[in-house]
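Throughout, protein chains are lettered first and strands after them, A, B, ... in sequence-line order, and every chain is numbered starting at 1.
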Amino acid sequence: MSSTATADLVIETRGLRKEFQGRRGTRVAVHDLDLSVPRGGVHGFLGPNGSGKTTTIRMLLGLARATRGEMALFGTPVPSGLPQVIDRVGAVVEMPKFLPHFTGRQNLTILARSKGIAPDRIDAAVDTVGLTGRDRDRYRAYSLGMKQRLAIAATLLKDPQLLILDEPTNGLDPAGIREIRETIRSLGESGVTVLLSSHILAEVQQVCTSATIIGNGRLLASGRVEDLLGASTSYRIVVDDHDAARRALAEGPYDVRADGTALLVETQAPAAEITRTLGEAGIWLSELTSVRPDLETVFLELTSQDTLGTATVGEPA
Amino acid sequence: MRLLGVELTRLRWRRACLVLLAASVLVPAVIWAGTLWGTRPYSDAEVQRAAEQAQGQPGFAREVRHCERKPEQFLPPDQLPVDEAQVADRCEQLITQWWTGLYREPLDLRRELDGSGTGIAVVMAGLLMLLGATFVGADWASGSMSNQLLFEPRRLRVYAAKAGAVVVTGLLLGLTVGAAWWLGLAGVAGARDLPVADGVTGDIVWQVVRGALLVAGAGLAGLATTMLFRSTVATLGILFAVVVAGTFLIAVLPFEAPERWMPHLNVAAWIGDGATYWTDNAQTCVDDGTGVMVCSGERVLTAGAGATYLLSLLGLVAAGSLATFTRRDIP
């Protein structure tokens, strides 16, 4: 991987595969995944439940062993090179995991000491996530939102250049979600690369500059969010005669379908082309609205084309 | 070393570990107090009161007279007096001693080596095994093991630091409590003017060292088993199975002398610098010189053989847990 790893990619995987052996055969959680996360900004990592997002993250961080394939962080092959790059990576994987009888501060202190991190960074991290004043409470007494904040505080101890956040706003109230979103946005703008795995697609759309969508452990789409959204622009038109409009548009590069009392026209062409085509056919528009799909629409379209569930190969002997 | 310090801090902050450490000090302290109480000498007032009670009982005078008439049936040959006054005096002393029942073994450090001295080492070893199990069991139960590996991904180092913390704690505990326990006992023996047999001091020192090694090894075994099964409950289940099913299994397996493979015997051999056991299956028969074959099932298990057995078990569990920890996915 070192010879092929691209320098401006913070995360890169090639042919990454993870199989789990079970009584019902071999289950493939990640299917030859090629993932590229560029340096800087916030990168969304999307997929339905069980699509392999967390497994991919766990393999990148050395918590799970890849069945095959190559991975690199900052161009350094992992997991062999993890000790060299781990100081530059902060991560929250799935739920926050700390010792319940320790206070929040004790949990952070243990982690900080293991890397020789100065105690004042604990104060800074606690302050950043808004846990000041509650850091000396026992972790088990924390709400889920406070646990999430503590987990994010732990990632900030190392002053990371790459932040991997797996559902970081789980359990947070709306105000907390907004705070964390702003924190993520500002981290992304400050040069930290953030890989954000989340089910809340509106949130991803608001903060992410690029995104990768996977399904069944396979890459479905990847690129800038603008490009992902722009690939399927559509227009909602209202005309008197639907059939005549359909016939007129059928001659051009348009995909037309009914949408209640209106028609939905998907095309790469600008809105003026639709107006002109219909006008030349003597059909006059009552209404034309640009329907810009949100990330949720794109996500659902992509993942619905993919068979839900996980791929299975082989059966036990 | 930094990771070792971190793990020692984590251990110090864990309440369950502190409770087990406190128990490792308190239980030997209770055994120490019980040993002293059970070997305390009688006071003059106690002796006087018991003698008065005995002499006031019916039949006492008749027993003394019986002794005076036939002293050779009561008194040891070397104490047989020559005149009647001495006979009466000694018979009264003897019958008083019999009737009061005032006899208590004095404190004997040599005897305690095989008794309560072995006991405290075994108790501390059991508690340290629980400490080792609960120490890392909490990491698995809370899922914080993955968090730790996000800061130090070299799993071998993480394992070594955790094991090191338990071993260091076990050694310090075994040496400190063992030394204090024996110093306290020796101090009381001195205060009671009791003689200390030759070589006992050296044997005590070696037993303290062997005890500390057993305690540390037990802690490591508890940790390694929990790292293997990733659950304190599973470790406790395994320990229970070893105690119950393991003993039964060894007994029914076709060993020549199955007793030799019992874990408790090997622990006793290590702590007690050898242990005697008896087997029915493989008796050794020798000619007693008169043509009669005398058979005996008595065997001696040396400390070295016990240590080899225990180290083999520990090595097996530790190697297995280390291999799985470095290879298996972390939840």
Original post:
With only heavy atoms counted, which part of A:Thr109 is less than 4.5 Å from chain B, the side chain, the backbone, both or neither?
Top reply: side chain
Original post:
Closest approach of A:Lys97 and B:Ser142, non-hydrogen atoms and distance?
Top reply: CB-O, 3.6 Å
Subject >> Heavy-atom pair with the smallest gap, counting every atom of B:Arg2 and A:Ser114 >> reply: NE-O, 3.6 Å
Subject >> Contacting moiety of A:Phe102, where chain B heavy atoms sit under 4.5 Å >> reply: side chain
**OP:** Could you tell me which residues in residues 3-24 of chain B have at least one non-hydrogen atom under 4.5 Å from a non-hydrogen atom of chain A, sorted by residue number?
**Re:** B:Leu3, B:Val6, B:Thr9, B:Arg10, B:Trp13, B:Arg14, B:Arg15
Subject >> Proximal to chain A - members of residues 317-331 of chain B, heavy-atom separation under 4.5 Å >> reply: B:Thr326, B:Arg327, B:Asp329, B:Ile330, B:Pro331
**OP:** Give a yes or no on this: more than 12 heavy atoms of other residues, nucleotides or ligands lie within 6.0 Å of atom CZ of A:Phe20.
**Re:** yes
Original post:
What parts of residues 126-139 of chain B touch chain A if we use heavy atoms and a cut-off under 4.5 Å?
Top reply: B:Ala138, B:Asp139
**OP:** Please determine, among B:Ser146, B:Pro153, B:Ala161, B:Ala141, the option with the most heavy-atom pairs under 4.5 Å with chain A.
**Re:** B:Pro153
Subject >> Nearest heavy-atom neighbours spanning A:Ala91 and B:Leu150 >> reply: O-CD1, 3.6 Å
**OP:** For the pair A:Lys115 (side chain) and B:Phe151 (backbone), establish whether a donor and an acceptor sit closer than 3.5 Å, ignoring hydrogens and angles.
**Re:** yes
Subject >> Toward chain A: residues of residues 207-219 of chain B with heavy atoms under 4.5 Å >> reply: none
Subject >> chain B interface, residue from A:Leu111, A:Leu82, A:Leu61, A:Ile86 that has the most non-hydrogen pairs under 4.5 Å >> reply: A:Leu111
Original post:
How far does CD1 of A:Ile110 sit from OG of B:Ser144, to the nearest 0.5 angstrom?
Top reply: 9.5 Å
